[in-house]
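Here the structure is a predicted model, which means the values were calculated and not measured. Lettering of chains follows the sequences in order, A, B, ..., and the numbering in each one begins at 1.
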Amino acid sequence: MSKEKAILTLLQGCNSLKRLRKIHAHVIVSGLHHHVAIANKLLNFCAISVSGSLAYAQLLFHQTEFPQTEAWNSIIRGFAQSSSPIDAIVFYNQMVWDSFSMRDTFTFSFVLKACERIKAERKCKEVHGTVIRCGYDADVIVCTNLVKCYSAMGSVYIARQVFDKMPARDLVAWNAMISCFSQQGLHQEALQTYNQMRSENVDIDGFTLVGLISSCAHLGALNIGVQMHRFARENGLDQSLYVGNALIDMYAKCGSLDQAILIFDRMQRKDIFTWNSMIVGYGVHGRGSEAIYCFQQMLEARIQPNSITFLGLLCGCSHQGLVQEGVKYFNLMSSKFRLRPEVKHYGCLVDLYGRAGKLEKALEIVSNSSHNDSVLWRTLLGSCKIHKNVTIGEIAMNRLFELGATSAGDCILLATIYAGENDKAGVSRMRKMIKSQGIKTTPGWSWIEIGEQVHKFVVDDKSNRYSIEVYEKLREVIYQASFFGYVGDESVSSLDVLSTIETLKTSCTYHSEKLAIAFGLARTADGTQIRIVKNLRVCRDCHSFIKAVSVAFNREIIVRDRVRFHHFKGGKCSCNDYW
DNA sequence: TTAGGGTTAG
C-alpha cells in the first residue's frame, strides 16, 4: 500500500481530534501536507465532525496554498452549521474573490444554510442571483435551500415563486414548501399545497405529515387531522416521535383532549415536545390539576422543563382558579429550574390573580414589573372587566394610553366596565376615543370545518358564497334559541353587549361565530359535534346564544377562542361563564 | 465517502 493510501485509510477510521493531530504530524513528516486528497480529508474532518475543531480547520485552511472548491466548501459548511454562521458568509465572500476555485452546488447549499440561520436576507437574494447566473437554478437541492431560506425570513411569496419555477420537485422540496406555509401561519395554503402534491401523485412521508398536522391544529380542522392520523397508522408513521407530538397538539387544539391523552399514554418515547404539548393541552382546556400532575410525571421521567412548560402550567392554574399553585410554580421557575420568567409568564401571573379577583395584587405585579409591556396592562384590564372594577380599569387604560398602545379592544373592555355601572358617559367617551384616535379595530372571524373543507366567516360578512343560506338559517336558529333562554341583542341594552371589538361596528346578531354555527347546523347531520375556531374572545351575547343553541338543537359545540376552549353542552359551558 | 426535512409558545 502506498503512503498516501495508508494515510487516507487512517483518516477514514479517525474518531478524535487527538488522533487527527497525530495523523497530521505524520503527514507533515512524510512531506504529504500538499497532497490535495489528504489535505482535503484532514480539513473536512476538522470542519464537520463532532470530534473535530473548527479552529483547527481554520488553521489547516490557511496553510493551504491554493484552496480548491472542496476545501472552501468544507470550511463554509463547517461554519454554516456552527454557532457562528456569519463566518460561513465571510469565507464565501473570500471565495468569490479567489480566482483558483469555482463555486458549485455544494457551495450554494452551504452558504444558503448560513443565510437561513442568521436570516441574512440581502445575502440570500445575492446568492439567489448568482445561482441563476451560474445555471444552478434547476438544481432541486439548491432550490429547496432557497425555499427554506426565504421561508425563514418570512418571504413566503418569493419562496413559492422559487418552488413554482423548479423544473422538478421531489418529496423534500414539497415538504419544505408545506413547512414554509405552516410556519408562517398560512395553514389553508399548507393544505392546498398538500392537495396539489397529491394530485401530482407525490407520496407523502412523516415530514409532510408533521407540517400538515400542525396546520390542522391551528385551523381546528379535526376531520382532516383524523385523516392524517389514519394515514400515519396505516403507513407505520404513527410510531414517529415527531408525528406523535404533532398529533397530541392537534387533538388538544381541536378540542379532543381525550384523544390527545390516549396518544400521549401510548407513546413509547417522550421528549420535551411531547410533555409540553400535553401540559399546554391541559392548560388551554382549563384543567390545571391535570397539567400539574403531568408536570410531576415529567420530572419523574427526568425531562427538564422549559419556559413553554410553565406557560402551560400557569395557563391551567389561572383558568381553574388555582392561585396558590400557580404562584408556587411561577416561583419554582427561577428558584429550582433556573428559568427567567418572560413577559408572557408575568402575563399569566397577572391573569392568575386578576381572574381570582385579587386585582390589587395584580396591579402591584404589573406596576413593579421590569417589563413595561402593554400586554400586562391589557391582561389587567381584562380582569377588571370580569370583576367590574372601574378604578383599576382606568389606571390600566391610562398606562396603555401613555405607552401609545391603546387598541380598539382595550376601549371596548373599559366601555364594558362602564356599561356594567350604567355609566353612559364612560361608554360614550370610549366610542369617541376609538373614532378620534383612529384606533384600528380587528375584524372578528371564525373557522368551521365541514367535511374536509375549512370555511371562514367574517363578522357581518355578506360576501361569503353561502351568505343567503347562512343568514336565513341564523334567523331560524335565533328564533329556536329564544325558547331556551337566549335573549337576542335587540332586547338587550346596547350597553350590556359592548364586549367585543365586533360590537362597536355592528350588531351582535351577525358575529362570525353565529354565522359559522348557523352554517354548521345547516350542513351537518343531527347530533354532530360543531367545532369553531375564533380569532377574538367570545362576547357575552354569543356565549349565551351558544349555550341556548346547544340545548335547542341538542348539539355539543366546542369553541376555541383566542385564549381558551369553551365546551357547550345541554345549555352549559365548561368555563362556567367565567372567561 | 461534500448537500436539502419535522412538532409545543408567539
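Distance from the side chain of A/F106 is smallest for B/dA3 among the nucleotides B/dG4, B/dG6, B/dA3. Of the candidates B/dG6, B/dG4, B/dT8, B/dG4 carries the atom nearest the A/T144 side chain, counting heavy atoms from C-beta on. Across B/dT7, B/dT2, B/dG4, the shortest atom-to-atom separation from the side chain of A/N44 is found for B/dT2. Distances were taken from every side-chain heavy atom of A/Y242 (C-beta onward) to each of B/dT8, B/dG6, B/dA3; the shortest belongs to B/dG6. Listed nucleotides B/dT2, B/dT8, B/dG4 differ in distance to A/D170; the shortest reach to its side chain belongs to B/dG4. For A/K113, taking side-chain heavy atoms from C-beta onward, the closest of the listed nucleotides B/dG4, B/dT2, B/dA9 is B/dG4. Here the nucleotide nearest the side chain of A/N245, chosen from B/dG6, B/dT7, B/dG4, is B/dT7. Of the candidate nucleotides B/dG4, B/dT2, B/dT8, B/dG4 has the atom lying nearest to any side-chain atom of A/K148.
Of the residues in residues 69-83 of chain A, those lying under 4.0 Å from DNA chain B by heavy-atom distance are A/E70, A/N73, A/R77. Taking every heavy atom of residues 187-206 of chain A and every atom of DNA chain B, pairs under 4.0 Å involve A/D205, A/G206, by number. Near-neighbour residues of DNA chain B inside residues 262-276 of chain A, defined by a heavy atom below 4.0 Å, number-ordered: A/F273, A/N276.
Taking atom NE2 of residue A/H345 and atom C1' of nucleotide B/dG10, one finds them 12 Å apart after rounding to whole Å. B/dT8 atom C1' lies 14 Å from atom CD1 of A/I303, rounded to whole Å. If you measure from atom CE of A/M177 to atom P of B/dG4, you get 19 Å, rounded to the nearest angstrom. Rounded to whole Å, atom C1' of B/dT2 lies 14 Å from atom OH of A/Y136. For the pair A/H128 NE2 and B/dG4 P, the computed distance is 19 Å after rounding to whole Å.
Note on ring orientation: taking the six-membered ring where Trp is involved, the planes of A/F565 and A/H285 are parallel (angle under 30°, cut-offs 30° and 60°). Using a 30° and 60° split on the angle between ring planes, A/F100 and A/F66 fall in the tilted class, from 30° to 60°. Taking the six-membered ring for Trp and thresholds of 30 and 60 degrees, A/F61 and A/F91 have ring planes more than 60 degrees apart, a perpendicular arrangement.
Note on A/V140: a base of the nucleic acid sits closer than 4.0 angstrom, heavy atoms only. At the heavy-atom level, A/S307 lies nowhere under 4.0 Å from the strands shown. When heavy atoms are screened at a 4.0 angstrom cut-off, A/F110 is found touching base atoms of the nucleic acid. Residue A/E342 is classed as having no contact, given no heavy-atom separation below 4.0 Å to the nucleic acid.
Cation-pi geometry between A/R103 and A/F108 is not met: the NZ or CZ atom fails to fall both under 6.0 Å from the ring centre and inside 45° of the normal. Taking the ring centre of A/F106 as origin, the terminal cationic atom of A/R77 falls outside the region bounded by 6.0 Å and 45° from the ring axis.
Between A/R233 and A/D238, none of the side-chain N atoms (NZ, or NE/NH1/NH2) sits under 4.0 Å from a carboxylate O, so this pair counts as no salt bridge. A salt bridge does not link A/E126 with A/R122: none of the charged nitrogens is closer than 4.0 Å to a carboxylate oxygen. With respect to the salt-bridge test (charged N to carboxylate O, under 4.0 angstrom), the residues A/R378 and A/D410 qualify.
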